[in-house]
Amino acid sequence: MNNQQSAMNNLPIQLSQQRLESFLNRINQATVNPEILSTILEEFSITLEELYQQQQELVTTNNASQIELQHYRELFNSTSEAYFVTNLTGQIHTANPAASMMLNISPNYIIGKTLPGFVAESHRKAFCNQLEQVIQSSQSMGWDVQLQPRHGKSFPAAIAVSPIRDNHGNLTGLRWLISDVSQRQQAEVLRQELAEQQELSELKSRFLSTVSHEFRTPLTTILSSSEMLERYSDRLSPERKAIHFQKISQSVDYMTQLLEDILIYSKADAEKLEFNPTVVDLGEFCQNVVEDLHLEAANQERIQFKCNDDDIGGNFDPKLLRQIVSNLLTNALKYSPNGDPVDFELNREENQAIIMIRDRGIGIPPNDQVHLFEPFHRAQNTGTINGTGLGLAIVKKAVDLHQGKISVQSQIDIGTTFTIKFPLLNSKNFESGDDKSSPD
Ligand code: ADP
């Protein structure tokens, strides 16, 4: 109840007192006249009645306040969250039973202790800074902290603190609500583990469906060609036989490549991919990859290679670099079913080598672009074009090992551009042809 309210409640009492005083004066002054005396006594009786009513009202209000207070006391004592009232330095004036349980200290001993004393040492400085901020801003605040109960294990807790002010608005103390969030954090860890497991099982099923699908086609080819050779060996011309042998060997190559990709990816995923950097002339290296790809009949001269700087050298792992460049070029050729040319540019920008591969093919839908580097992910628009969805996952791992960055820009039916930026920290070695001078 504030001052104004209590003044209002006291008003009728003051009025009654004034009336009593006035009629006592009148009695004292009056030569006793029975009429006046009866009026005075009547007034006296009214005043008494009013006083009685006011007293009844006060009793009722007091009872209601007591009940309300009891409710709050029960709530304060029974809640599982810790409540404290402290002064501005954090010295505890009031604490509920949950607070003494949380800090493992009996209710008698908790009073007078300071809250910062129950904060784990590694968090104490930050806690005191926060406390300072609450006082400076005079605002309610919340933050997480590691609490250290007496003789117990520290645990994470969430704090909500609000200022207590006196009638003049001056800050006099702090009200604290502290909850143990270790269970919430454990639940969060469990949730994350569950999500990882789900992701893993999704990955496994994608792996099985891709592998079984990708193996079925070459196995069917091998089966039918070998049956033809077995059954009709005497009737087949040498050319037809050669075609069947070629089909068998291509299918075996395809399956070997698929197994190789799976192996590389699983090694990379387990962080076991070997990274053996050595000095590489990037221009010459890329030219060789292009020539190898042009050996295949379908790709003849489709890659337009442009090396804009003859002097781009650095430390690269040649095996991984080949995976990167040939996977991106093969994709650019494969996903340009009309046989359009593919641009391949090599540039140097300060200490970076920049590889850019641009095709004019089917493009990648925006929804798929975000999942592009996930294993076994294939975009919706691949149609009958073969693939496992492993190539780009391997490329990403290999680029990461070189501390490079890969990005993609693509538009459906317009084309796709992959850009890779490699840091050329050791380009000096390339100029001197000596890779032993790298700093330890
Ligand atoms: P895949 O064996 O399926 O080609 P990748 O991992 O190399 O596997 O590529 C993943 C998916 O990214 C492909 O299935 C395809 O949907 C899309 N993709 C990659 N490169 C291109 C490209 N140049 N043009 C269009 N789509 C591409």
Side-chain angles (χ1 to χ4, degrees), residues 202-218 250-251 253-269 273 286 289-290 292-293 296 298-299 302-305 319-345 355-401 404-420:
E202 261 171 42
L203 198 69
K204 272 187 194 163
S205 65
R206 260 195 280 161
F207 168 80
L208 284 175
S209 74
T210 310
V211 169
S212 54
H213 177 262
E214 286 303 309
F215 270 73
R216 191 168 295 141
T217 321
Q250 275 173 351
S251 300
D253 282 351
Y254 180 76
M255 289 198 298
T256 314
Q257 182 58 47
L258 181 58
L259 282 174
E260 182 84 350
D261 281 355
I262 291 170
L263 206 67
I264 293 176
Y265 180 76
S266 51
K267 264 191 188 170
D269 200 39
L273 202 58
C286 290
V289 178
V290 172
D292 286 352
L293 287 172
E296 284 179 39
N299 301 335
R302 279 179 66 195
I303 303 168
Q304 298 176 347
F305 179 52
K319 265 192 184 170
L320 296 180
L321 189 60
R322 182 167 276 272
Q323 284 283 351
I324 296 170
V325 179
S326 71
N327 258 314
L328 292 180
L329 285 173
T330 313
N331 277 351
L333 296 165
K334 183 166 80 167
Y335 294 108
S336 304
N338 293 337
D340 285 319
V342 167
D343 300 330
F344 178 16
E345 265 187 46
I355 289 177
M356 197 203 67
I357 294 169
R358 182 195 300 123
D359 65 54
R360 296 161 185 82
I362 62 171
I364 305 167
N367 285 348
D368 290 298
Q369 286 181 27
V370 279
H371 301 291
L372 224 49
F373 301 109
E374 291 171 15
F376 306 111
H377 186 89
R378 305 202 70 211
Q380 302 146 7
N381 61 336
T382 48
T384 54
I385 305 174
N386 266 347
T388 57
L390 266 179
L392 286 184
I394 294 172
V395 168
K396 175 78 171 73
K397 297 269 184 195
V399 170
D400 286 348
L401 281 172
K405 292 257 175 302
I406 180 163
S407 59
V408 60
Q409 278 182 315
S410 187
Q411 263 182 292
I412 297 277
D413 294 332
I414 304 270
T416 302
T417 304
F418 278 93
T419 309
I420 306 180

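Predicted model only: the values in this text are computed from it and were never measured. Read the numbers this way: they start at 1 and go in the same order the structure lists the ligands and their atoms.
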(request) Search all heavy atoms of Ser326 against all heavy atoms of Val289 and return the closest pair with its distance. (result) CB-CG1, 3.8 Å

(message) Counting only nitrogen or oxygen atoms and a 3.5 angstrom limit, does Ala393 reach ligand 1?
(response) no

(message) Quick check: do Leu328 and Ile420 have side-chain heavy atoms less than 4.5 Å from each other?
(response) yes

(request) Compare all side-chain heavy atoms of Tyr335 with those of Asn381 and state whether any distance is below 4.5 angstrom. (result) no

(message) Can you report which non-hydrogen protein atom sits closest to atom 6 (O) of ligand 1, along with the distance?
(response) Leu392 N, 2.7 Å

(message) Heavy atoms only: which of Leu333, Val342, Asn331, Ile385 lies closest to atom 20 (N) of ligand 1?
(response) Asn331

(message) At less than 4.0 angstrom from any non-hydrogen atom of Leu372, what atoms of ligand 1 do you find?
(response) 12 (O)

(message) Under 3.5 Å between any N/O of Ile364 and any N/O of ligand 1: does that happen in this structure?
(response) no

(message) I'd like to check whether Thr382 has a polar contact with ligand 1, where a contact means an N/O of the residue lying under 3.5 Å from an N/O of the ligand.
(response) no

(request) Starting from atom 4 (O) of ligand 1, locate the nearest protein heavy atom and write down its residue, its atom name and how far away it is, to 0.1 Å. (result) Tyr335 OH, 2.6 Å

(request) May I ask whether Gly361 places a heavy atom under 4.0 Å from ligand 1? (result) no

(message) Going by the rule side-chain contact (heavy atoms from CB on, under 4.5 Å), which residues pair with Leu259 if we only count those two or more places apart in sequence or in a different chain?
(response) Phe215

(message) Measuring from atom CZ of Arg358 to atom CD of Gln304, what distance do you get when rounded to the nearest 0.5 angstrom?
(response) 10.5 Å

(request) Provide the number and element of each atom of ligand 1 under 4.0 Å from a heavy atom of Gly387. (result) 1 (P), 2 (O), 3 (O)

(request) Mind listing the closest non-hydrogen atom pair of His371 and Asn367 along with its distance? (result) CD2-O, 3.4 Å

(message) List ligand 1 atoms under 4.0 Å from Leu390, heavy atoms only on the residue side.
(response) 6 (O), 8 (O)

(request) State if Lys334 counts as touching ligand 1 under the rule of any non-hydrogen atom under 4.0 Å. (result) yes

(request) Using a strict 4.0 Å cut-off to heavy atoms of Ala379, name the atoms of ligand 1 that fall inside it. (result) 14 (O), 16 (O)

(message) Quick one about Asp253 and Gln257 (side-chain donor to acceptor, distance below 3.5 Å, no hydrogens or angles considered), yes or no?
(response) no

(request) Could you tell me the separation between the CZ atom of Phe376 and the CD atom of Glu202, rounded to the nearest 0.5 Å? (result) 13.0 Å

(request) Can you pull out the closest protein heavy atom to atom 23 (N) of ligand 1? Residue, atom name and distance to 0.1 Å, please. (result) Asp359 OD2, 2.8 Å

(request) Would you kindly specify which portion of His377 sits under 4.0 Å from ligand 1, judged on non-hydrogen atoms: side chain, backbone, both or neither? (result) backbone

(message) Starting from atom 3 (O) of ligand 1, what is the nearest protein heavy atom, named by residue and atom, and what distance separates them?
(response) Arg378 NE, 2.6 Å

(message) To the nearest 0.5 Å, what is the distance between CG on Asp340 and CG on Asp359?
(response) 9.0 Å

(message) Is it the case that ligand 1 has an N or O less than 3.5 angstrom from some N or O of Asn381?
(response) no

(request) May I ask you to identify, for Thr388, whether its side chain, its backbone, both or neither come under 4.0 Å of ligand 1 on a heavy-atom basis? (result) both

(request) Identify the two heavy atoms, one from Gly387 and one from Tyr254, that lie closest to each other, and give their separation to 0.1 Å. (result) N-OH, 4.4 Å

(request) Any chance you could measure Thr417, atom OG1, to Asp343, atom CG, to the nearest 0.5 Å? (result) 8.5 Å

